[in-house]
Enquirer: 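Here's a structure for you.
Side chains included, hydrogens not; waters and symmetry mates left out as well; all remaining heavy atoms used. In what follows, chains carry the letters A, B, and so on, assigned in the order in which the sequence lines appear, proteins first and then strands, with residues in each chain numbered from 1. This is a predicted model, so every value here is computed, not measured.
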There are 2 protein chains.
Amino acid sequence: MTRQREMILDEFLRIEGHLTAEELTLAVKKRDSTIGQATVYRILKILVDSGIAREVRLGSNVVKYEHNIDHEHHDHLICERCGKTIEIVDQRIEELQKGLAEDHKFIITGHIMNIFGICEECRGR
Amino acid sequence: MTRQREMILDEFLRIEGHLTAEELTLAVKKRDSTIGQATVYRILKILVDSGIAREVRLGSNVVKYEHNIDHEHHDHLICERCGKTIEIVDQRIEELQKGLAEDHKFIITGHIMNIFGICEECRGR
DNA sequence: GCCTTTATGATAATTATTCTCATTATCATG
DNA sequence: CATGATAATGAGAATAATTATCATAAAGGC
Ligand SMILES: [Mn+2]
Ligand SMILES: [Mn+2]
Ligand SMILES: [Zn+2]
Ligand SMILES: [Zn+2]
C-alpha cells in the first residue's frame, strides 16, 4: 500500500458518476501534482480487477470508470444527441439474459446493455 | 463509384462473420495491393452510415464489423475464455428495452447487448 | 535501520484511427 | 470523346489512448 494508491483510490471513491482515466488523473494531480499518468492507469486496472471499479463504454470508444461497490449493477440508457445517461435495471431482462445463456449452456458471468435513443429534451428542440 | 469502393464492398460482403478493418484491408490487398489503409477506413465508415455494415464491439477495445443487410438484428453471447461468439435475439427482451426507454421518455434508436459467460467446452477443461 | 521486493515517474513505444495534401480518377457536359 | 470541375485516393504524418521500459524510490518484514 503506497501513498499513491491511497490517494487515487480515495479520489476515485469521492467522485460519483462516470469518469475517464484522464479525469481521474487531473483530480489526483490537484492534490499531488507529482503523480504520474502511468500510475493512475496501473491503479485503475487494479481497482477493476479487485471489483472496486467497473469499466463503462457508452458507444464511442471512450472508456470510463464507475464505482462497482455500494452501487448496484445497472445498465445505461443514453441520449445520442446530448449524451445524457440514465442508469437502468430491469429484473425481467436480467432473468431472460440468464435464460438465454443457459439455453446455450453458458455459465453467465456478466453482461453489458446500452440502450440508445433521443431524450425528451433533445426532441423538444 | 470508384474501383476501390466496388472492390472493398464486394470483399466485405463476401466475408461472413465479424472482421476488423485490418482483416478487411488484408483481404482487399490480396486482390489489389495498391489499395490504401485509409481508403478502407473511409469506406467502412460509409458502409456503416449507409446501413450496410454494423460496428460490433465484444468487450475489449477491438472494433469489428459485420453485415447489416440480409442479416437480422441480433445481440451476442460471448465466451470469456475462448472468445466463441453466438448470435442471439430474444423478442421479449427487445420489448422490455423499448418499454424502459419509453418510461424515461426516450425514443429508442438502438441498443447493444453483450452477454458474457463461459461456454460448455471451456468448462470441460 | 537494513535489505529485498515491488511500485513509481518519466519517457519511449505501440496501436488504431484520422488527417493532410499532392496526385489521380470520375463523370456530367459541350 | 476530350475537358475540366469535383471528389476520391494513397502515402505518410499526426493524434490519442494505453502500455512497456527502466532507473530510482518507497514499502514492509526482519
Ligand atoms: Mn453507471
Ligand atoms: Mn454478429
Ligand atoms: Zn438528449
Ligand atoms: Zn469457450
Enquirer: State which of D:dG10, C:dT8, C:dA16 makes the closest approach to the side chain of A:Thr39.
Expert: C:dT8

Enquirer: In whole angstroms, how far is the P atom of D:dA17 from the CG atom of A:Leu26?
Expert: 12 Å

Enquirer: Could you state the CD1-P distance from A:Ile46 to C:dT8, rounded to the nearest angstrom?
Expert: 7 Å

Enquirer: When you measure from the side chain of B:Thr2, which nucleotide among D:dT19, D:dT9, D:dT18 comes out closest?
Expert: D:dT9

Enquirer: Rounding to an integer number of Å, can you tell me how far B:Glu22 CD sits from C:dT14 P?
Expert: 15 Å

Enquirer: If the cut-off is 4.0 Å, is B:Lys45 near the phosphate of C:dT18, judged by side-chain N/O to OP1 or OP2?
Expert: yes

Enquirer: D:dA27, D:dT19, C:dC27: which one has an atom nearest the side-chain heavy atoms of B:Met1?
Expert: C:dC27

Enquirer: Could you tell me how far apart B:Arg5 (CZ) and C:dT26 (P) are, to the nearest whole angstrom?
Expert: 11 Å

Enquirer: B:Thr20 near the nucleic acid: base, sugar-phosphate alone, or nothing, with a heavy-atom cut-off under 4.0 Å?
Expert: nothing

Enquirer: Need one value for B:Val62: base, sugar-phosphate or nothing, where a base atom within 4.0 Å counts as base even if backbone is also close, heavy atoms only.
Expert: nothing

Enquirer: What's the closest nucleotide to the side chain of B:Ala38 if the choices are C:dT8, D:dT9, C:dC19?
Expert: C:dC19

Enquirer: Quick check on D:dT18: is either OP1 or OP2 less than 4.0 Å from any side-chain nitrogen or oxygen of A:Tyr41?
Expert: yes

Enquirer: Whole-Å distance between C:dT26 P and B:Met7 CE?
Expert: 11 Å

Enquirer: Please work out which of the three classes, parallel, tilted or perpendicular, describes the rings of B:His71 and B:His67, given edges at 30° and 60°.
Expert: perpendicular

Enquirer: Given C:dT17, C:dG9, D:dT18, which nucleotide is nearest the side-chain atoms of A:Thr34?
Expert: C:dG9

Enquirer: Among A:Glu11, A:Gln4, A:Met7, which residue meets the side chain to side chain contact (heavy atoms under 4.5 Å, CB included) test with A:Asp32?
Expert: A:Met7

Enquirer: Measure CZ/A:Arg42 against P/D:dC22 and give the value in whole Å, please.
Expert: 14 Å

Enquirer: Take A:Ile43 and B:Gln4, find for each the nucleotide of DNA chain C with the closest heavy atom, and name the residue whose nucleotide sits nearer the 5' end.
Expert: A:Ile43

Enquirer: CD of B:Gln37: more than 12 outside heavy atoms within 6.0 angstrom?
Expert: yes

Enquirer: Roughly how many Å is it from CG in B:Leu19 to C1' in C:dA16, rounded to a whole number?
Expert: 15 Å

Enquirer: Give me the ring orientation class for B:His18 and B:His76: parallel if the planes are under 30° apart, tilted from 30 to 60°, perpendicular past 60°.
Expert: perpendicular

Enquirer: Given that B:Ser33 and B:Asn61 both sit by DNA chain D, which one's nearest nucleotide is further toward the 5' end?
Expert: B:Ser33

Enquirer: Give a yes or no on whether the ring-centroid distance for A:His73 and A:His111 is below 6.0 angstrom.
Expert: yes

Enquirer: How many Å lie between CZ on A:Arg3 and C1' on D:dA26, as a whole number?
Expert: 9 Å

